[in-house]
Structure formats: structure tokens, C-alpha cells
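Keep in mind that the numbers below use all heavy atoms, side chains included, and drop hydrogens, waters and symmetry copies. Numbered from 1 within each chain, the chains take letters A, B, ... in sequence-line order.
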There are 2 protein chains.
Amino acid sequence: MSRKAFQRLTLDDRRRSLMEATLTCVARDGLQGATVRRITEEAGVTLGLVRHYFGSKDELIRSAYAYLIGQLTSQASESSKQSEGAPEVQLALFLRANMTRPNLSERNVSLWATFIGRVRSDSTFAEIHREGYREFLTVLETLIEPVLAAHGLPHGAAACKRHAIALNGLIDGLWMEGSLNSGLYSQAMLPDLVIEASERLLALPPGVLSQAPTPLEEQRLTSCAMPE
Amino acid sequence: MSRKAFQRLTLDDRRRSLMEATLTCVARDGLQGATVRRITEEAGVTLGLVRHYFGSKDELIRSAYAYLIGQLTSQASESSKQSEGAPEVQLALFLRANMTRPNLSERNVSLWATFIGRVRSDSTFAEIHREGYREFLTVLETLIEPVLAAHGLPHGAAACKRHAIALNGLIDGLWMEGSLNSGLYSQAMLPDLVIEASERLLALPPGVLSQAPTPLEEQRLTSCAMPE
DNA sequence: TGGATAATTATTCGAGTGTATAACAGTAGG
DNA sequence: CCTACTGTTATACACTCGAATAATTATCCA
């Protein structure tokens, strides 16, 4: 029996490849279905590599969880930073990003929920979750503060944190149920819904967020203004 | 070797006992840790009974999930029905119930999340989830409608549904993160927070929900009015 | 170019899994 | 009291799991 020809990857690539394969397996078959054999089959390698790169299966799973959380938060926060616009625009972009693909995906929610289910008993998972949650709250507070200030609303640290907690709840809940898409309503309504709801939640004047032009629309507006 | 003395239970009691044991195991060890042996050990019986009562382990797990969802929704909706007060009071009670024990518990959230993680791949789980979600939305719509009507706000079916979706998101998210209690804030602030947030979300005048007296406070007010 | 080193494969092993089945023990009806 | 029935236990089986180890191969540096 001839040996399989194999490719030698860099340490980071191989690790990432194994973590991606792990997430794929967890999303498809749950934690119980994410066996070393299936993961390595998914990654196209043999099962010895898990031990070689992560020491144990548990360590691989934990690494994959941290990898996922990192992706989720950076994905969302970067979509707001890509704009140089007004605070309202950035907040609106951030909210919309959480209610549209790729952030709003069944796969992500399945993964998120599966790992959340282990937070209570596994302190390592708890640590990863807490860190991700804290970071998300911080991003929200940073986005909220200037918007409140611009409209003469209380914007102290305590008020911002309180608003961030509520807003995060709204986002998490809608993201969750929306991604699962139980068929009770269309996912397409979520972006507008979360924007309107956030306006009221922050006690902003109606239209402040929903009328905030996206960068794309701003471009279109400026370019259309010329030929007119 | 002498046989173990055993107790013969009714069909319903034995089934419930096995489902409770299943939930205990899933909450403690996750789905992967909920083996037939541990479940039956937890229930104090031998492993043959799973086959006898549920046909297979998978069927037991599914039954336990449906059992859990039924408990969660009935628990919350009944705590609002126990009041004969104004619509505002009932809604406030419902919201508070979701932010306090026993509804707000790590165990429940762990279980909920663990099962949600399987919704995507297992259509049976998806069915159970959809049914529970639908029921929760209906309860919310029913609670919201009279409150909106009483304050001259739009209360058509579409508006109510939209509000219910947002409110459900808020509740789910806060319930989730709050139960996990990452230590970033005190759980004690959640009831007031969700009430205030809901007031703004529904565009109600400030104080409509937060000032709504609970039945307990109503009793105290009437009984204290005499000796004064 | 060749040898050292690290990456990868192949195989083995004991423990644990869900399921199946036979033996046992309470219970109810005649 | 006996018999049929079924809830329950006990045991066996085939399979999969994670981990460990040895053999093999690619890469890199001298």
C-alpha cells in the first residue's frame, strides 16, 4: 500500500485549516459529531496531526472557538470602520452588518449556540465567551456615545453601558432567531427593523439612523448630482 | 449475584423521570456527555429502559427538548396570567419573569443553546424550535396589543408582530447573556433594564411599564393605606 | 548533495458507545 | 394458585472514540 502524498503547510496555515475543519464539523454534526477522525478527514489529513499541532482534541476545539469569536467580532466592527462618515452612519452600518450576510448565517449561529452551551461547565469556554462579549459591548459603547452626544442626550459612561447592554441583547436575539429563519417572517426585514428599534431604544429622533445614508448611497447622490 | 430491587412507576412518571435526567446530563456534560448510561444512572435505572420507553436514544433526546421548551414558555406566560391587572401590569410582569429566576437560569440557557445548535441539521429539532418561537411571539403580540391601544398607538396586526419580533429579540438576548452572567454587570439590574428598554421600544410614554405596580405592591399599598 | 529535523502517515490499543436480547420480578385476571 | 403480561435488570456485541507510538517523507541548512 503506497503512502498518500502530502503537502507541507506552514504552522499557521495548518492550524487554521484544522480549526476551519473543526468548525465545519461542529456546525454540521454538533460537538458530539466533531470527532478527530471526521475533522482530519474534512481537512484532508490523518488524525495524528491533531495531536501534533494542538496536543489534544479538546485543545483544538477550544482554539477553534476562540478563532470563531475573533472572526465574528472583527467582521462586524470592521464593517463600521470602513466608513469615514458621521457617527450615525457608522452605527447604522454596524447594525446592518449584524443583520445581513455573512454575519447573519445559520452556520455562525449554530456554532455560536453550540459553544455557548458549554460555557457553563467549561471555564475555558467561559473565558473566551466573556472576552468576546466584553469586546462587543465596548465596540457598541464607542459607537453609541458620539451619536447620543450629537443629539443632546445623556452620554455618560454609565448611560452608554446601559444602552450597549440593551442594544447587544436586541442584536443577539434578532441575529439568533433571524439566522435560524424559522419561516415566520422574512430575513430581509431585519436590517430595517433593527435600525428602527435601535432608534427608539436610544431615544433618538426618528430617522436619525434610518435616514443615515450609506457610503454607497452617498456616492450615488454626489455622482447623480452632476448630470442633473 | 442478586438483582437490584426496583420500583415500578407509571408510564408518564417514568418517561418524565428519564427526560429530566436527560436534561440534567445535557446541562452538565453537553449532548456528547449525555450517554444512555449516564442518563439512566442519573434516573436510577438501567439502560434498557431507554429502549423500552423511547425506542432509541435520539428519540429520548428529542422528547426531552420538547419537554424543556414546553416548560419554558408555559412558565413565562403563566406568570403574566396570574394577574388580573391592567395590560401594562401583565406585560411588565411577563418581562420581569423572563429576567428573574427560575426563568433566568444558567441551566436553562445552557440547555436552550445546546439544542439550538442542533436546529440547523436536525429537522425534528427545527420543528420543536419553530413551534416554541411561534408560541412565544403570539404571547408577546397578545400582551402588546392592548397596551398600544390604550395609549393611542398604532396596534394593527402587522405593527404588533413587528414589535413582538423586536421585543422577543431583546428578551432572548438579555436572557441569554444575563444568565451566563459573565460578571460584566449585575443580574439584578436586568428586570428594570428590560422594562425601560421595552417602554422605548414600544414608544410608550416613560413610566407606563416601570411605574406599573406589581400585584404584591398593590396589596401592600392598600393594606398600608389603612393604618396611616 | 547529504544528513538532521520536523511534518505527516499508518497502525494499534483500551475504553466507552448505542443497541439488541434474554432472564428476572412484580402485577393483574381468572 | 396459576398464568399471561410487562416493567426492569443484566449481559453481550459490534462499533467508534481519543490517544499513543512507530514508520515514513518532505524540507531546510550546511
Review point. Nearest of dG18(C), dT9(C), dA19(D) to any side-chain atom of Val36(B)?
Key: dG18(C)

Study note, to complete from the structure: Per atom distances to the Thr46(B) side chain, the nearest of dT9(C), dT9(D), dT21(C) is dT9(D)

**Study point:** Side-chain donor-acceptor pair present, Asp122(A), Thr124(A), cut-off under 3.5 Å
**Key:** yes

Review point. Just to confirm, is there a sub-4.0 Å distance from OP1 or OP2 of dG7(D) to any side-chain nitrogen or oxygen of His52(B)?
Key: yes

Review point. Looking at dG18(C), does its base get a donor-acceptor pair with the side chain of Arg37(B) below 3.5 Å?
Key: yes

Practice item. Look at the rings of Phe125(B) and Tyr65(B) and say which category their plane angle falls in: under 30° parallel, 30 to 60° tilted, over 60° perpendicular. Key: tilted

Study note, to complete from the structure: Contacts of Gln32(A) and Leu49(B) projected onto DNA chain D by closest heavy atom; the upstream (5') one is Leu49(B)

Review point. Below 3.5 Å, does any donor atom in the side chain of Arg14(B) face an acceptor in the base of dG7(D), or the other way round?
Key: no

Point to revise | Salt-bridge criterion met for Arg134(A) and Glu131(A) (N-O under 4.0 Å) | key: yes

Check your understanding: Rounded to whole angstrom units, what separation is found between the CZ atom of Phe54(A) and the C1' atom of dA19(D)?
Key -> 17 Å

Point to revise | Nucleic acid contacts of residues 55-63 of chain B, taken as heavy-atom distances under 4.0 Å to DNA chain C | key: Ser56(B), Lys57(B)

Check your understanding: Just to confirm, is there a sub-4.0 Å distance from OP1 or OP2 of dC17(D) to any side-chain nitrogen or oxygen of Thr35(A)?
Key -> yes

Practice item. Send over the distance from Glu41(A) CD to dT8(C) C1', rounded to a whole Å. Key: 17 Å

Exercise for review: Identify the heavy atoms of Gly132(A) and Ile69(A) that sit nearest to each other, and give their distance.
Suggested key: CA-CG2, 3.8 Å

Check your understanding: To the nearest Å, how far apart are Asp13(B) CG and dT8(D) P?
Key -> 10 Å

Practice item. Report the distance from atom CG of Leu31(A) to atom P of dG18(D), rounded to the nearest whole Å. Key: 11 Å

Practice item. Please name the pair of heavy atoms, one in Pro102(B) and one in Gln75(B), separated by the smallest distance, quoted to 0.1 Å. Key: CG-NE2, 3.3 Å

Exercise for review: Answer yes if the side chains of His129(B) and Glu177(A) hold a donor-acceptor pair under 3.5 Å, and no otherwise.
Suggested key: yes

**Study point:** Residue whose nearest DNA chain D nucleotide is more 5′ - Leu47(B) or Tyr53(B)
**Key:** Tyr53(B)

**Study point:** Salt-bridge contact Glu59(A)-Arg62(A) (side-chain N to carboxylate O under 4.0 Å)
**Key:** yes

